[in-house]
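Read the structure below first, then the notes.
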Amino acid sequence: MPKVEHRSVVILGSGPAGYTAAIYTARANLQPVLIQGMQPGGQLTTTTEVDNFPGFEHGVQGPELMEIMRKQAERFGTEMVFDTVTETHLKEHPFRLVCDSGDQYTCDALILCTGASARWLGLESEQKLRGFGVSACATCDGFFFRNQEIAVIGGGDAAVEEAIFLTNFASKVYVIHRRDQLRAERIMQDRFFANPKIVPVWFSVVEEILGDQKSGGVTGVRVKNVQSGEVSDLAVTGVFVAIGHSPNTEIFGDQLDKDAQNYLVTKPGSTTTNIPGVFAAGDVQDRHFRQAVTAAGTGCMAALEAERYLAAREGDAARK
């Protein structure tokens, strides 16, 4: 039978931001509940080697890092709930959350760490090779393609920035775009065209990513020219899909302020949203960096701000 429980703090999302928020709120004796969502551990569970998270001299596997953070949060008393929130009611206090299981949670403070999801091409071969040469994060994985030929798919700011960044490692970067013009800012385009390592592949779409896990991952991409219909293969060992990210903010409706890309808006230098007591951390409110370490940092901020918010509420209630 579905249950209704009240907690001081509920955390939505179980990536670096959510787990860090859980560690800090649990250590503050706030007895948080963390609702893990559809993908416990977040985007890092789809990556392999993570070399840029502090504290791991020789790197760490993405799923392993998330498992370590989960266990640390549980050690301090966080209750993990494997469920997905389908409704949020934030205009009333306490806040009310309805889960897919039918269970409901009410809370005095709510920390939103629902993250963002990379947009993918939707190819079966892309899905099979994610983490084996297919990535959506150049900053995370570019290092592994030193002196190799790779491909970037897209033509906007994200694709141009990732292509330029990847030239720090790769010997050649093909940029596959369905048009013959980029959508990126002019200054970024100037840097793009001035870089001798970048080779545009215009009027083209990717039909298939070649390779398999057993043979070591990606071996090439099959591209189709949208004008001539000609199909050809490019020999590459890595493919970076850079067609944007979508923040996971649908369940909040119009209750919270969002920017033009639907990321949650927080006050400068803070994780506070337009609703007092609701805080946002990690990729759900960060469209610029999208790194595990920055997500963890804002998770810490959200926890500290939630603790102060609850203390102030308790003080106000005592004075009445």
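Any value given below was found using the heavy atoms of this structure, including those in side chains, with hydrogens, waters and symmetry copies removed. Everything numeric in this text was worked out from a predicted model, so none of it was measured.
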- Query: Can E67 and R70 be said to form a salt bridge (Lys or Arg N to Asp or Glu O under 4.0 Å), step by step?
  - Reply: CA-CA 5 Å; E67 182 70 4; R70 180 188 65 79; 2.5 Å; yes
- Query: Please walk me through it: do E126 and R130 pass salt bridge (Lys or Arg N to Asp or Glu O under 4.0 Å)?
  - Reply: CA-CA 6 Å; E126 170 193 56; R130 279 169 60 177; over 6 Å; no
- Item | Residue pair T273, D257: steps toward the side chain to side chain donor-acceptor pair (under 3.5 Å) verdict | CA-CA 7 Å; T273 68; D257 290 344; over 6 Å; no
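We find the CZ-OG1 distance between R7 and T25 to be 11.5 Å, quoted to the nearest 0.5 Å. With rounding to the nearest 0.5 angstrom, the CD atom of E208 is 8.5 Å from the CG atom of D233.
Using a distance-only test at 3.5 Å, with no hydrogens or angles considered, no donor-acceptor pair links the side chain of N225 to the main chain of E230. A donor-acceptor pair is defined here as one N or O able to donate and one able to accept, closer than 3.5 Å; such a pair exists between the side chain of T249 and the backbone of N262.
A 4.5 Å side-chain heavy-atom check between I23 and T78 finds every atom pair outside the cut-off. Looking at heavy atoms from C-beta onward, I150 lies in side-chain contact with F240 at the 4.5 angstrom threshold. Proximity of K3 to Y105: side-chain heavy atoms (C-beta onward) are separated by under 4.5 Å at one or more points. Counting heavy atoms from C-beta outward, S228 and F203 have side chains that stay 4.5 Å or more apart. Counting only heavy atoms from C-beta outward, the side chains of H6 and D108 approach each other to under 4.5 Å. Counting only heavy atoms from C-beta outward, the side chains of W202 and L182 approach each other to under 4.5 Å. In this structure, the side chains of Q31 and S8 stay at 4.5 Å or more apart for every pair of heavy atoms. At least one side-chain heavy atom of I209 sits under 4.5 Å from a side-chain heavy atom of V221.
Atom CD of E92 is surrounded by more than 12 heavy atoms from other residues, nucleotides or ligands within 6.0 Å. Shown here is F193, whose CZ atom has more than 12 heavy atoms of other residues, nucleotides or ligands within 6.0 Å. Annotation for E314: atom CD does not count as buried by contact number, only 12 or fewer foreign heavy atoms lying within 6.0 Å. Counting heavy atoms of neighbouring residues, nucleotides and ligands inside a 6.0 Å radius, atom NZ of K224 does not exceed 12 of them. Heavy atoms of other residues, nucleotides or ligands lying less than 6.0 angstrom from OH of Y24 number 12 at most. More than 12 heavy-atom neighbours from other residues, nucleotides or ligands sit within 6.0 angstrom of CZ on F56. Atom CD of E185 sits in a sparse spot, with 12 or fewer heavy atoms from other residues, nucleotides or ligands closer than 6.0 Å.
For the side chain to side chain contact (heavy atoms under 4.5 Å, CB included) criterion with V278, the lone passing option out of I111, L256, L264, T272 is L256.
For the residue pair Q285 and T271, no side-chain donor N or O sits within less than 3.5 Å of a side-chain acceptor on the partner.
For H93 and F95, the ring centers are positioned less than 6.0 Å apart.
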